[in-house]
Amino acid sequence: MKKAILILPLVLLATACAHRDDAQIQVKEEDYISAETMSRYRENIVEKRRGPSYVSYEYKDVRIDEITPLAVNYCKQKNAKNTAHLREIIMRENHLRLATFDCVPLQ
């Protein structure tokens, strides 16, 4: 699975470089998050801790891959050359989970 995650961006980058088109990117309405989904995220994801090199989110009824973009965005705001790396997920009371991401340099 990790290999697929690492290979997919390379394939997309190679495809984009091979087929250079000067046309602008068209953003479609389905590319946006629906109001219902945004409401679900607001109800189920809470930022608990943050620092210059990490961020933690407490969540329920949401998958970890839905939280990762939040952590990536946070790390990029701190330093444009950083990305988020999942350090740990801890199960807490009432079936809540605490995910901690480290901001690490892109390699």
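With rounding to the nearest 0.5 angstrom, the OG atom of S56 is 8.5 Å from the CD atom of E47. In this structure, L96 CG and D61 CG are separated by 9.0 Å, a value rounded to the nearest 0.5 Å. From R50, atom CZ reaches atom NZ of K48 across 13.5 Å, with rounding to the nearest 0.5 Å.
In this structure the side chain of C75 never reaches within 4.5 angstrom of the side chain of T83, judged on heavy atoms. Proximity of F101 to V72: side-chain heavy atoms (C-beta onward) are nowhere separated by under 4.5 Å. In this structure, the side chains of N82 and V104 stay at 4.5 Å or more apart for every pair of heavy atoms. With contacts defined as side-chain heavy-atom distances shorter than 4.5 Å, the pair Y41/T37 qualifies.
Side-chain atoms of N79 come within 3.5 Å of backbone atoms of K81 as a donor-acceptor pair (strictly under, hydrogens ignored). Judged purely by atom type and a 3.5 angstrom limit, E66 uses its side chain to pair as donor or acceptor with the backbone of R63.
Criterion: ILVMFWY side-chain heavy atoms under 4.5 Å apart, direct or through other members. Under it, V55 and I90 are not part of a common hydrophobic cluster. In the hydrophobic clustering of this structure, L86 groups with I67; members are Ile, Leu, Val, Met, Phe, Trp, Tyr whose side-chain heavy atoms approach within less than 4.5 Å, directly or through other members. A continuous path of ILVMFWY side-chain contacts below 4.5 Å connects I89 to I45, so both sit in one hydrophobic cluster.
A salt bridge links R92 with E58; the closest basic N to acidic carboxylate O contact falls under 4.0 Å.
Within 6.0 Å of the CD atom in E36, the count of heavy atoms belonging to other residues, nucleotides or ligands does not exceed 12. Heavy atoms of other residues, nucleotides or ligands lying less than 6.0 angstrom from CZ of R49 number 12 at most.
In terms of heavy atoms, Y57 sits closest to A71 at OH-N, 3.8 Å. Considering all non-hydrogen atoms of both residues, Y54 and C103 come closest at N-SG, 4.2 Å. Scanning both residues, K60 and E43, for their nearest heavy atoms gives CE-O, 4.5 Å. The two residues V62 and N44 come nearest to each other via the heavy atoms CG2-CB, 3.5 Å.
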